[in-house]
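Because the structure is predicted, anything quoted here is derived from the model rather than measured. We number each residue from 1, following the sequence as shown.
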Amino acid sequence: PDPTLNLLIRLLDHPDNVFRSEVAQTLRQLGPQAVPKLQAALDSDSPRVRSSSLSILNHLVTVDVSTLEKLQQDPDERVRISVCLLYTSD
């Protein structure tokens, strides 16, 4: 396992929005290398991590419908909103 990727995923739960945005940008720049960790992070205990991972994945790959359907049922509103934003983005 890549310790840098693991750390970056954990940092998606950082309380500072600007810091999280920088982490997200770094993960987007890593591209396909980050995809497996981001997909695994969709099952994180942290709603922030789930929501951020979904948004980043959407920039890197097509998120499959079954994943979106599962996340639409997420107990956290932020995650459900992230799913809705994917449907409304071009």
Side-chain angles (χ1 to χ4, degrees):
D2 184 336
T4 303
L5 274 174
N6 291 337
L7 175 62
L8 288 169
I9 296 295
R10 286 195 311 273
L11 289 174
L12 290 174
D13 198 29
H14 195 278
D16 183 88
N17 287 335
V18 174
F19 186 82
R20 276 196 322 273
S21 292
E22 293 296 323
V23 171
Q25 179 61 29
T26 300
L27 285 163
R28 281 192 293 274
Q29 289 173 349
L30 289 172
Q33 173 185 350
V35 169
K37 292 287 185 187
L38 289 165
Q39 288 171 327
L42 294 175
D43 292 322
S44 169
D45 290 338
S46 166
R48 254 187 251 176
V49 171
R50 293 193 305 272
S51 177
S52 296
S53 296
L54 177 60
S55 296
I56 298 164
L57 276 169
N58 186 54
H59 288 279
L60 300 175
V61 296
T62 300
V63 180
D64 65 270
V65 173
S66 62
T67 298
L68 295 175
E69 289 173 346
K70 174 185 166 194
L71 292 172
Q72 278 181 319
Q73 305 303 314
D74 195 277
D76 191 270
E77 180 179 57
R78 288 171 287 195
V79 177
R80 295 190 308 269
I81 288 171
S82 292
V83 173
C84 290
L85 291 173
L86 294 186
Y87 285 123
T88 60
S89 66
D90 290 329

Would you say CG of Asp64 has more than 12 non-hydrogen atoms from neighbouring residues, nucleotides or ligands within 6.0 angstrom?
yes
Heavy atoms of Ser44 and Ser46 approach each other most closely as OG-N, 2.9 Å
For Arg50, the salt bridge (charged side-chain N to carboxylate O under 4.0 Å, His left out) test, sequence neighbours excluded, returns Asp74
Report all side-chain donor-acceptor pairs from residues 22-35 shorter than 3.5 Å, counting only partners two or more places apart or in another chain.
{"from": "Gln25", "atom 1": "OE1", "to": "Arg28", "atom 2": "NH2", "distance (Å)": "3.0"}
{"from": "Thr26", "atom 1": "OG1", "to": "Glu22", "atom 2": "O", "distance (Å)": "3.0"}

Would you say that Lys37 contacts Thr4 through its side chain, given a criterion of any heavy-atom pair below 4.5 Å between the two side chains?
no
Between the CZ atom in Arg10 and the CG atom in Leu7, the distance rounded to the nearest 0.5 Å is 5.0 Å
Run the numbers on Leu68 and Leu54 for side chain to side chain contact (heavy atoms under 4.5 Å, CB included), then give the verdict. CA-CA 9 Å; Leu68 295 175; Leu54 177 60; 4.0 Å; yes
Rounded to the nearest 0.5 Å, the CG atom of Asp76 sits from the CG atom of Leu71 at a distance of 11.0 Å
Checklist entry - Can you check whether His14's main-chain N or O pairs, donor with acceptor, with Arg48's side chain at less than 3.5 Å? => result yes
Using a 3.5 Å distance criterion without hydrogens, assess whether the side chain of Ser53 forms a donor-acceptor pair with backbone atoms of Val49. yes
Rounded to the nearest 0.5 angstrom, the CG-CG distance for Leu12 and Leu38 is 7.0 Å
Output for pair (Ser82 OG, Glu77 CD), nearest 0.5 Å, gives 10.5 Å
- Query: Would you say the side chain of Ile81 lies within less than 4.5 Å of the side chain of Arg78, judging by non-hydrogen atoms?
  - Reply: no
- Query: Under 4.5 Å between any side-chain heavy atoms of Leu42 and Leu57, yes or no?
  - Reply: yes
**Asked** Any donor and acceptor pair, going by atom type alone, linking the side chain of Arg80 with main-chain N or O of Pro75 inside 3.5 Å?
**Response** yes
